[in-house]
Amino acid sequence: MADSATVEPAGSESNPFVQAQMRLDKAAELINLDPGIKRILSTPYQELTVSVPVKMDDGSVRVFTGYRVQHSVARGPGKGGIRYSPEVHLDEVRALAAWMTWKCAVVDVPFGGAKGGIICDPRRMSQGELERLTRRYTANLIDIIGPERDVPAPDMNTGEQTMAWLMDTYSMHTRATTTSIVTGKPVGLGGSKGRREATGLGVAFTVRESLKHLGMPATGCRVVVQGSGNVGGLGALFLHEMGHKVIAISDMYGAIHNDAGLDMPEVLRWLREERTLEGFPGAERLDNAQLLTLDCDVLVPAATEDQITSRNAAEIKAKVIVEGANGPTSAAADVILEQRGVFVAPDILANAGGVTVSYFEWVQNRMGYFWEEQVVFDRMERIMVDSFHSVVEAAEKYQTSPRIGAYCVAIERVAYCLNLRGIYA
Ligand code: NAD
């Protein structure tokens, strides 16, 4: 059923916070959310903008702008990644923080939602510069982060090494090694087995559950993946291992395509060695716009926001979209896709395998006892499958899309906690 009531303010399609807000409005109406609770959930709980001075390798000093937004701590400490990118802006961080609140609630892990970012171009910075940037940013956030306050994690252009620096800086300030301050750490420094694979594997489980739900074949589907990083690359690999045919995949420079199916282990080996997909033998080159509109069964956008919009939604040929990235589809595109009968497994469900295993990492850090990889994967799979069913049941109950169904599940859970906690005055 189309969300025909969705009215998008002019020029807002590329503003992710407006997009997040529109979905909140729609779900709030369906579940008849109390207007006071809605007001709380429409406003980030806490935001900090910091200036981060860094001595560069050439001796000059640059000042970077960093953000940390905590959207909600109603269900537990804030949780969410840190993004390094020249394009980071406050409304993007706000949206990503809100999506973390909904995502943690959809998979029912006891966290709120937060997100951070620094405006920088990590490809033009040395390891030493990145380390100094990360340490000073961490020191600037010291009063608002903590294992019971806000637990960061990696996001685009940050990884295990960044998290190790963050953990060390926090630990130096608190005079105690505090592994549970951050997730996505290297295994051996308090990281969880399976964290690296978790988001991509969760995406693959969501594809499997979506196909089952729709009565489509469990193997042999033609899959297109946008992005070949942690989520897209590993997601494509797991889908390949499940017996599907990955016919195209991209990075920020463009895509490779072979209708007979790409050999994913070979593609990832090529990418590791060449640092670009370009030149992969036996594949034709496409641009990112062509990739999104390829004829296929399943499309997995796993790069960045704002990729499927009112400009290209009518051209999408996939029957199923499983959102590996956060916010790849605009609210206006949702309406077009729904009218065309495309099943969209939304980001706050589909890529939640990552935060689920982050929760396991935080638990293991606090227990001081580490789990086998298979235990991690089995527990994550159970949570992903249960969450998928909660979402489609809510979509049926409220006669809406799986996306708005997921928002209904999440908002009801957060509102329940807000009601029980009450308003401290
Ligand atoms: P990554 O940096 O490992 O990979 C990003 C990929 O997208 C790369 O292949 C890059 O070349 C490509 N890309 C970047 N900008 C692009 C653009 N403008 N157009 C086309 N391609 C572009 O990042 P990741 O960790 O795989 O994250 C990808 C998305 O998944 C992000 O939206 C992130 O927020 C989301 N996500 C990540 C995790 C996680 O655990 N890593 C969890 C949940 C959601």
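Counting convention: from 1, in listed order, for ligands and their atoms alike. Model, not experiment: these values are computed from the prediction.
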query: Does ligand 1 have a heavy atom under 4.0 Å from the side chain of P154, from its backbone, from both, or from neither?
result: neither
Do [X] and [Y] get their side chains close enough for a donor-acceptor pair, meaning under 3.5 Å?
X    : Y    : answer
S250 : N288 : yes
D57  : S126 : yes
D91  : N15  : yes

For ligand 1, which atoms sit closer than 4.0 Å to a heavy atom of [X]?
X    : answer
D155 : 33 (C), 34 (O)
A325 : 29 (C), 30 (O), 32 (O), 35 (C)
R83  : 31 (C), 32 (O), 33 (C), 34 (O)
R195 : 40 (O)
D251 : 9 (O), 11 (O), 21 (N)

Closer than 3.5 angstrom, by distance alone: can the side chain of [X] be matched with the main-chain N or O of [Y] as a donor-acceptor pair?
X    : Y    : result
D251 : L277 : yes
S330 : A333 : yes
E412 : I31  : no

[atom] - nearest protein heavy atom and its distance:
atom                    : value
atom 4 (O) of ligand 1  : G229 CA, 3.3 Å
atom 29 (C) of ligand 1 : A303 O, 3.4 Å
atom 25 (O) of ligand 1 : N230 CB, 3.7 Å
atom 19 (N) of ligand 1 : N288 ND2, 4.0 Å
atom 9 (O) of ligand 1  : S228 N, 2.9 Å
atom 23 (O) of ligand 1 : M156 CG, 3.7 Å
atom 18 (N) of ligand 1 : T304 CG2, 3.7 Å
atom 2 (O) of ligand 1  : N157 N, 3.9 Å

- prompt: How are the rings of F343 and H213 set to each other: parallel, tilted or perpendicular (split at 30° and 60°)?
  reply: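 Aromatic pair F343/H213 classed tilted.
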- request: Check the angle between the aromatic planes of H71 and W102 and answer parallel, tilted or perpendicular using the 30° and 60° thresholds.
  value: perpendicular
- request: Would you give the length of the straight line joining atom CZ of R285 to atom OH of Y253, rounded to the nearest 0.5 angstrom?
  value: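 If we round to the nearest 0.5 Å, R285:CZ and Y253:OH are 10.5 Å apart.
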Ion pair R403/E323, N-O distance below 4.0 Å: yes
- line: Contacts of D155 meeting salt bridge (charged side-chain N to carboxylate O under 4.0 Å, His left out) (sequence neighbours excluded), chain-then-number -> R83, K115
Qualifying side-chain hydrogen bond (donor to acceptor under 3.5 Å, both in side chains) pairs with a residue from residues 257-271, counting only residues at least two apart or across chains: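 Matches after skipping sequence neighbours: R222-D259, H257-D259, H257-E284, E266-R269, R269-E273.
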- prompt: Out of D287, D306, T199, whose heavy atom is nearest to atom 39 (C) of ligand 1?
  reply: T199
field: Close approach of E305 to ligand 1, heavy atoms, under 4.0 angstrom
entry: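 Checking ligand 1 against E305, which is what was asked, there is no heavy-atom contact under 4.0 Å.
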Check this for me - ligand 1, [X], N or O atoms closer than 3.5 angstrom, yes or no?
X    : answer
N326 : yes
V231 : yes
M252 : yes

